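The structure appears below as structure tokens.
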Protein chains: 4
Amino acid sequence: MHIAAKSQHDTTADTIIDAASEVFADKGYEGARVDELARAAGVNKATLYYQIGDKEAVYHAVITRVLARTADEVCAAVAEVDECEEKIRRFINIFARNAGNMRYAAPIMLREVASGGRNLPESAIAEMGRLLGALGEALREGERSGLFRPVNEFMVHMMIVGSLMLYSANEPIRRRNAERHPEIYNEQHFISNEEAGEQVTDLVLAAIANNKQ
Amino acid sequence: MHIAAKSQHDTTADTIIDAASEVFADKGYEGARVDELARAAGVNKATLYYQIGDKEAVYHAVITRVLARTADEVCAAVAEVDECEEKIRRFINIFARNAGNMRYAAPIMLREVASGGRNLPESAIAEMGRLLGALGEALREGERSGLFRPVNEFMVHMMIVGSLMLYSANEPIRRRNAERHPEIYNEQHFISNEEAGEQVTDLVLAAIANNKQ
Amino acid sequence: MHIAAKSQHDTTADTIIDAASEVFADKGYEGARVDELARAAGVNKATLYYQIGDKEAVYHAVITRVLARTADEVCAAVAEVDECEEKIRRFINIFARNAGNMRYAAPIMLREVASGGRNLPESAIAEMGRLLGALGEALREGERSGLFRPVNEFMVHMMIVGSLMLYSANEPIRRRNAERHPEIYNEQHFISNEEAGEQVTDLVLAAIANNKQ
Amino acid sequence: MHIAAKSQHDTTADTIIDAASEVFADKGYEGARVDELARAAGVNKATLYYQIGDKEAVYHAVITRVLARTADEVCAAVAEVDECEEKIRRFINIFARNAGNMRYAAPIMLREVASGGRNLPESAIAEMGRLLGALGEALREGERSGLFRPVNEFMVHMMIVGSLMLYSANEPIRRRNAERHPEIYNEQHFISNEEAGEQVTDLVLAAIANNKQ
DNA sequence: TATGAATGAGTGTTCATTCAT
DNA sequence: GATGAATGAACACTCATTCAT
């Protein structure tokens with residue numbers, strides 16, 4: 001079994017988008033500098049323009065890719081299992097990862113939400129629909145089977161995504177806060193993202209469980 | 001003859017900070033322009049510098065005020081009642097409001113989280129501690145009384161704050177999405193912020209309820 | 001009679017437009033650099049933007065002023081006399097000057113003509129109408145009085161303006177040509193602009209004279 | 001076996017120069033983009049460099065060709081007839097055409113004049129001499145024969161060339177002006193280039209006619 | 001205290017040119 | 001010969017900040 005010759009002949013455009021994902025995640029659209037995007041990708045600034053276009057085009061490429069990958073990962077994971085509770089577990093698990101693609105998705109989406117989606121391209125909209133759909137299906141299935149109680153699907157979505165994106169993204173703030181106020185912070189605040197996912201799973205499943213016999 | 005009690009204690013600095021709250025909430029730190037801050041406050045740009053200082057100083061003033069007010073509102077509301085379930089209700093209720101001070105708090109904090117709190121002043125840290133404390137106390141009290149089960153306090157905090165800030169801030173995105181994909185969106189996605197608060201209350205209380213008799 | 005305290009308190013904007021007239025006349029719109037415009041005016045580039053606007057706005061200000069002055073000079077000179085032949089003389093005399101305002105008018109207008117007036121602002125159009133009107137009136141008057149024969153006014157206009165703008169503007173080329181081909185060039189090619197004006201006057205008056213007794 | 005007489009002697013370089021003539025005529029040297037020159041010629045940008053050289057080399061090739069053709073056309077037309085008045089007619093007729101080669105000659109030369117011939121290559125100088133010579137000969141011949149009066153040859157040259165280049169090139173401006181100020185413009189302003197040539201012929205011959213018996 | 005004007009240091013973008021294939 | 005890709009050097013324009021009044 002070969003480890004995959006992946007990213008062996010990544011095109012220049014791919015290299016740029018990869019590097020830009022990191023920069024935009026870190027600095028935001030307005031805070032990122034085109035010079036920085038180019039430097040991070042190891043290409044000349046003019047090459048960036050030649051390959052992709054202006055700053056906005058690079059951003060769109062980044063957000064499109066990040067959201068598409070997120071939706072792909074979620075849909076694939078959810079589709080792998082039949083049981084609706086397991087679907088929820090997997091859905092949450094994807095969002096709990098603060099590595100790879102997800103490392104960029106959280107900060108980018110938080111900022112997009114904050115600015116009313118001013119820079120969200122059309123393509124992004126569709127991907128968000130896929131995410132919503134994957135969760136909604138699981139919830140409706142569980143409701144039909146009597147496992148879950150009827151709830152506002154979208155609010156459950158907000159809860160999962162909101163809590164996990166917030167938790168993973170605010171790590172630097174937590175660390176700073178803990179330094180200043182060690183009396184308030186304890187090990188509860190510094191569980192791994194995987195553990196955070198498990199906690200959220202536990203809370204969410206309890207929240208939607210159908211306790212009526 | 002008194003000069004009129006006009007602008008009683010709305011100093012120029014206050015006017016500037018109020019206007020800046022709106023601009024920073026809308027555009028973010030990097031996206032806001034000093035010209036815009038001055039124009040929004042109806043003062044000359046040099047006056048802004050004279051009264052408060054540079055862009056960063058204005059931002060710090062804004063975030064300090066917004067967080068202080070949020071913590072004040074939460075603490076006051078929670079302190080008014082004794083019952084721990086009611087404390088939770090009130091805590092959530094504050095965050096569910098997307099008006100007044102809260103209108104600025106959500107986008108500003110989402111962006112701060114996204115950027116690792118790069119621009120958070122020291123003062124902000126303390127206010128966040130007060131918020132955490134108010135919720136934690138209620139949870140611990142409920143746990144002691146057997147009403148709530150033991151949970152990761154911080155994760156519950158993330159859930160409440162994350163879901164409500166996400167819901168209230170992403171309204172423009174939902175509207176756009178709904179226009180493009182009417183088949184996915186329904187009235188569940190467009191409940192008022194107050195109703196959203198009630199949904200979250202319901203879900204959270206179910207999530208932490210101690211069902212073991 | 002005081003020599004006029006003119007240009008004593010020229011505004012910054014005026015200084016910029018004056019300097020820009022020279023640069024645009026010399027280099028053309030595309031050839032001029034904004035840095036150069038600022039340097040020529042002795043102001044910071046940002047001041048130029050603050051006072052007037054972008055490159056196009058500066059160009060419009062220049063062309064508007066240059067054409068307005070040209071039309072003013074022509075109309076004033078023509079209005080001073082009653083006799084139609086004298087009006088023609090004066091009209092030509094203005095265009096023959098390659099100094100002051102006229103030094104800029106010729107190259108700027110030649111380039112505008114060459115590019116189909118792509119950058120001509122609306123205001124310029126009106127000034128060109130005033131010029132046309134001044135000459136046309138004189139020609140029609142002369143025709144009525146039997147002094148001039150009926151001719152295509154506009155073509156006479158083209159002749160006067162074309163020959164004089166061409167002559168005054170192509171001096172550097174003539175000088176270069178004369179250096180390379182001294183056998184072709186003689187003193188006829190290097191008369192002063194005033195003399196050139198007289199030659200054109202002589203030729204034009206002969207061209208339109210009514211020789212029929 | 002010959003590879004077919006395809007594109008008989010329209011080499012790639014020729015194609016490029018033809019296309020470049022149009023672009024430079026339209027936009028000027030500074031306004032033209034190398035990308036545009038290549039696209040207009042239907043070749044790759046690097047091919048343009050390989051075939052001709054840098055932007056300046058392309059421009060020189062264009063101006064050299066355009067001036068050479070103009071001089072060729074003028075000299076051939078003038079040489080075809082003996083009578084000096086007819087020579088003048090033909091000289092003017094060439095310049096009156098706003099088609100083919102002449103379509104490029106007028107705007108290119110107007111801009112060159114405006115910029116003091118900054119980009120004129122040596123070769124261009126010689127061609128201009130040929131033009132001057134052709135007209136001068138006709139004028140001197142007419143003067144000797146008593147048909148024309150003594151005039152400044154060069155000024156007559158300026159008149160002919162100036163009026164015709166100005167008229168043909170400023171058509172777009174006339175059209176725009178006429179739209180805005182229909183009261184000033186009439187059919188006199190919109191005669192064909194051929195008619196304009198006849199008008200100029202009429203005026204010039206009247207201007208230089210020897211009326212002394 | 002308030003402000004119009006001025007400015008140094010960026011900041012996104014373009015362009016002529018070169019290079020590897 | 002021909003071309004897609006790459007790039008250094010400009011270039012137009014912006015922005016946070018300061019200063020004279």
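FYI, side chains are in, hydrogens and waters are out, and symmetry mates aren't considered; it's all heavy atoms of this structure. In what follows, chains are A, B, ... by sequence order, proteins preceding strands, each numbered from 1. Source: prediction; values computed, not measured.
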Please name the residue in the list D/Asp18, D/Ile108, D/Val23 that meets the side-chain contact (heavy atoms from CB on, under 4.5 Å) test with D/Val62.
-> D/Ile108

Is the phosphate of E/dA5, meaning OP1 or OP2, less than 4.0 Å from a side-chain N or O of C/Tyr50?
-> yes

Under a 3.5 Å cut-off for both distances, is F/dA9 Watson-Crick or wobble paired, and to whom?
-> E/dT14

Can you tell which of F/dT7, F/dA5, E/dT3 lies closest to the side chain of B/Asn44?
-> E/dT3

Give the rounded distance in Å between these two atoms: CZ of A/Arg39 and P of E/dG10.
-> 13 Å

In B/S/- notation (B base, S sugar-phosphate only, - none; protein heavy atoms under 4.0 Å), nucleotides 15-21 of chain F written 5' to 3' is BBBBB--

Take the angle between the ring planes of A/Phe24 and A/Tyr29 and call it parallel below 30°, perpendicular above 60°, tilted in between.
-> parallel

According to the Watson-Crick and G-U wobble definitions, with both distances under 3.5 Å, which nucleotide is paired to E/dA6?
-> F/dT17

Determine: side-chain N/O of B/Thr47 to OP1/OP2 of E/dT1, distance under 4.0 Å, yes or no.
-> no

Taking it one step at a time, do C/Tyr50 and C/Asn44 satisfy side-chain contact (heavy atoms from CB on, under 4.5 Å)?
-> CA-CA 10 Å; C/Tyr50 177 76; C/Asn44 184 283; over 6 Å; no

To the nearest angstrom, how far is A/Lys27 atom NZ from E/dG12 atom P?
-> 11 Å

Below 4.0 angstrom from OP1 or OP2 of F/dA6, is there any side-chain N or O of A/Thr12?
-> yes

How close or far is atom P of F/dT3 from atom CD of D/Gln51, stated in whole angstroms?
-> 10 Å

With no hydrogens and no angle check, do the side chains of C/Asp14 and C/Thr11 hold a donor and an acceptor under 3.5 Å apart?
-> yes

